[in-house]
Amino acid sequence: MDKKPLFKNTDSLSELGEFGLIDRIAHLFGRSGNADEIGIGDDCAVLPGGDDRSLLITTDMLIEDRHFRRDWISADDLGYKSLAVNMSDISAMGGKPLYAFLSIGLPDDLPLDWIEQFFRGTHALANIHGVKIMGGDTTKSPGPMVINYTLLGEIKSENILRRSAAEPGDQIAVLGNLGESGAGLKLLLEKEPPFSSDEQKLIKAHNRPHLFVDEAQFLAEFGGVHAMIDLSDGLQSDGGHIAKASNASLVVESENITITKPLQNVCQKHSWSHLELALASGEDYGLLFTISREKAEALKHNFKAKFGYSYNIIGEVEPGSAELKLLNKGKLFDIGKMGFDHFRADNQTKK
Ligand code: ADP
Ligand code: MG
């Protein structure tokens with residue numbers, strides 16, 4: 001085994017950052033990645049599922065006062081969201097969610113009515129998509145509430161959509177309303193109720209994110225989609241993950257990014273930059289994917305015919321640089337380093 005210290009030349013966790021830490025963990029344990037097994041580094045782990053199928057596994061944890069505050073989100077919405085964020089990762093691979101396990105640490109003064117509403121929220125979402133809760137673990141927490149879902153899904157192996165498969169010439173596309181969730185969080189953090197109906201829509205986008213479960217499976221089955229990731233940390237950060245894994249450059253034209261009316265209105269009201277929110281704020285749980293030029297027209301046509309709306313094409317994959325580049329009317333735009341990282345100093349107080 002490699003005995004070299006893991007954290008040489010790094011002073012602190014905040015300097016290392018969430019993704020730096022994951023890199024070190026992957027270095028120690030190995031980043032398995034043969035044809036039918038994917039370990040650390042994509043939205044889900046992939047294991048052989050028998051015949052031509054693969055098993056997808058993902059796990060995501062929500063911690064009270066870090067990811068949510070009980071006075072900002074209803075128990076029902078939290079029950080929905082804690083399963084939804086995992087379903088989003090199964091969708092990011094193009095898969096079908098199937099079985100879930102729920103581990104919870106609960107403070108013992110939690111009202112029973114709150115707990116019931118939490119489970120009703122989860123149950124409603126699980127029912128819509130035929131997900132079964134198969135087990136979990138329950139403990140008392142001496143501090144904040146901790147909620148951890150592990151979700152299993154499946155996919156035909158040849159349809160798996162990895163972060164690493166983007167190719168120069170691909171179109172870059174987005175499903176979902178970029179920046180809405182981040183604006184909803186910003187409202188909760190910085191403003192007091194009452195909230196306008198536009199503001200309430202953004203808060204809802206944050207508390208009860210829209211999922212693309214059927215769309216993701218369609219994209220994987222139709223063919224022509226190369227790489228995909230879900231948007232949990234923001235377009236710049238998540239686009240950067242595809243760019244890095246694919247060793248290509250994701251060139252996005254800011255003028256092409258659709259900004260919804262509620263987001264435009266609320267940004268205007270509070271003098272916020274909608275572009276910054278669309279690029280740098282997380283938890284939209286939309287999908288970012290790249291499409292081969294040859295299949296682009298057919299996919300666009302068939303997607304529209306099936307779902308009655310279109311995805312948003314925002315740019316093109318180019319060779320080199322392994323990062324996301326933003327253009328404004330064709331000119332390079334310096335966006336610095338944005339996106340959510342759990343240990344970065346400026347991301348410490350999400351409450
Ligand atoms: P996502 O945002 O899609 O949930 P993350 O950024 O949380 O993905 O994780 C990226 C990759 O790192 C995933 O493959 C995940 O399984 C892996 N990972 C995250 N935390 C750990 C950890 N503590 N130990 C091992 N692997 C981890
Ligand atoms: Mg993800």
Side-chain angles (χ1 to χ4, degrees), residues 6-7 13 16-34 37-47 54-63 66-67 81-95 97 100-101 103 146-153 155 160-166 174-176 178 181-182 209-213 215-217 219-220 225 227-246 250 280-290 324 337-344 347 350:
L6 276 186
F7 301 118
L13 201 49
L16 187 62
E18 176 187 355
F19 303 115
L21 177 60
I22 294 173
D23 265 350
R24 305 297 163 94
I25 296 172
H27 178 77
L28 185 64
F29 293 104
R31 234 181 234 282
S32 57
N34 57 42
E37 195 182 294
I38 304 177
I40 298 172
D42 217 309
D43 292 288
C44 292
V46 179
L47 298 176
S54 289
L55 200 59
L56 302 171
I57 305 158
T58 184
T59 186
D60 249 316
M61 183 157 57
L62 301 184
I63 298 186
R66 177 68 190 161
H67 297 94
K81 186 171 178 177
S82 28
L83 180 60
V85 298
N86 287 279
M87 294 190 36
S88 175
D89 276 324
I90 298 281
S91 292
M93 311 295 288
F101 294 80
S103 296
V146 179
I147 303 163
N148 172 228
Y149 265 107
T150 298
L151 183 61
L152 277 68
I155 186 167
I160 295 172
L161 300 177
R162 298 160 196 247
R163 294 178 178 182
S164 57
V174 164
L175 274 172
L178 290 182
S181 172
H210 183 80
L211 295 173
F212 297 92
V213 177
E215 288 89 337
Q217 288 169 74
L219 290 173
V225 174
M228 187 146 81
I229 190 170
D230 68 321
L231 289 159
S232 56
D233 297 326
L235 179 63
Q236 193 202 10
S237 174
D238 293 320
H241 291 317
I242 289 189
K244 199 170 161 208
S246 301
L250 264 62
S281 69
E283 297 196 67
D284 279 318
Y285 297 105
L287 296 170
L288 173 68
F289 51 103
T290 78
L324 184 136
K337 201 163 170 47
M338 304 192 281
F340 197 78
D341 177 317
H342 271 284
F343 295 107
R344 236 180 36 217
N347 281 337
K350 202 174 174 183

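Order of appearance sets the numbers: ligands from 1, and atoms from 1 within every ligand.
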Checklist entry - Would atom 5 (P) of ligand 1 count as contacted, meaning some protein heavy atom under 4.0 Å? => result no
Item to check | Nearest non-hydrogen protein atom, atom 8 (O) of ligand 1 | outcome: R163 NH2, 3.8 Å
Item to check | Side chain, backbone, both or neither: D42 near ligand 1, heavy atoms under 4.0 Å | outcome: backbone
Checklist entry - Out of curiosity, is M61 lining ligand 1, as in a heavy atom under 4.0 Å away? => result no
Next on the checklist: Please determine whether side-chain contact (heavy atoms from CB on, under 4.5 Å) holds for the pair R162 and I38, giving the CA-CA distance in whole Å, both sets of side-chain angles, and the decisive distance to 0.1 Å.
Outcome noted: CA-CA 9 Å; R162 298 160 196 247; I38 304 177; 3.3 Å; yes
Checklist entry - Against heavy atoms of D43, which atoms of ligand 1 measure under 4.0 Å? => result 3 (O)
Checklist entry - Are the side chain of S91 and the backbone N or O of A216 linked by a donor-acceptor pair below 3.5 Å? => result no
Item to check | atom 27 (C) of ligand 1 - nearest protein heavy atom and its distance | outcome: I22 CG2, 4.4 Å
Item to check | Which segment of M93 sits under 4.0 Å of ligand 1 when only heavy atoms are counted | outcome: neither
Checklist entry - Any sub-3.5 Å donor-acceptor pair from D230's side-chain atoms to G286's backbone N or O? => result no
Checklist entry - Sub-3.5 Å donor-acceptor pair from the side chain of D238 to the main-chain atoms of S232, do we have one? => result yes
Next on the checklist: Less than 4.0 Å from atom 16 (O) of ligand 1, is there any heavy atom belonging to the protein?
Outcome noted: no
Item to check | Top protein contact for atom 22 (C) of ligand 1, by heavy-atom distance | outcome: I25 CD1, 3.8 Å
Next on the checklist: Under a plain distance cut-off of 3.5 Å, with no hydrogens placed, do N148 and S103 share a side-chain donor-acceptor pair?
Outcome noted: no
Checklist entry - Does ligand 1 have a heavy atom under 4.0 Å from the side chain of F19, from its backbone, from both, or from neither? => result side chain
Next on the checklist: Using 2.8 Å as the threshold, say whether any N, O or S atom from D230 sits that close to the Mg ion (ligand 2).
Outcome noted: yes
Checklist entry - Looking only at protein heavy atoms, which one is nearest to atom 7 (O) of ligand 1, and how far off is it? => result E18 OE2, 4.2 Å
Next on the checklist: What's the separation between atom CD in Q236 and atom CG in L231, rounded to the nearest 0.5 Å?
Outcome noted: 12.5 Å
Next on the checklist: Could you walk me through whether D89 and L151 satisfy the side-chain contact (heavy atoms from CB on, under 4.5 Å) test, starting with their C-alpha distance in whole Å, then the side-chain angles of each, then the deciding distance to 0.1 Å, before giving a yes or no?
Outcome noted: CA-CA 9 Å; D89 276 324; L151 183 61; over 6 Å; no
Checklist entry - Of all the non-hydrogen atoms in the protein, which one sits nearest to atom 11 (C) of ligand 1, and at what distance? => result G41 N, 3.7 Å
Checklist entry - Are the side chain of S164 and the backbone N or O of A245 linked by a donor-acceptor pair below 3.5 Å? => result no
Checklist outcome for this item: Per-atom filter on ligand 1: closer than 4.0 angstrom to a heavy atom of D89 are 1 (P), 3 (O), 4 (O)
Next on the checklist: To the closest 0.5 Å, what do you measure between CE (M93) and CD1 (I160)?
Outcome noted: 6.0 Å
Next on the checklist: Applying a heavy-atom cut-off of 4.0 Å, say which part of I40 lies close to ligand 1: side chain, backbone, both or neither.
Outcome noted: both
Checklist entry - Can a salt bridge be assigned to the pair D42 and R163 using a cut-off of 4.0 Å between side-chain N and carboxylate O? => result yes
Item to check | Atom name of the N, O or S atom in D89 that lies nearest to the Mg ion (ligand 2) | outcome: OD1
Next on the checklist: Between the Mg ion (ligand 2) and D43, which N, O or S atom of the residue is the nearest one?
Outcome noted: OD1
Checklist entry - For L13 and L21, what are the C-alpha separation, side-chain angles and deciding distance, and is it a side-chain contact (heavy atoms from CB on, under 4.5 Å)? => result CA-CA 8 Å; L13 201 49; L21 177 60; 3.9 Å; yes
Checklist entry - Are N86 and T150 linked by a side-chain donor-acceptor pair shorter than 3.5 Å? => result no
Checklist entry - Got the closest protein heavy atom to atom 2 (O) of ligand 1, with its distance? => result S232 OG, 3.2 Å
Checklist entry - Can you check whether D233 has an N/O within less than 3.5 Å of an N/O in ligand 1? => result no
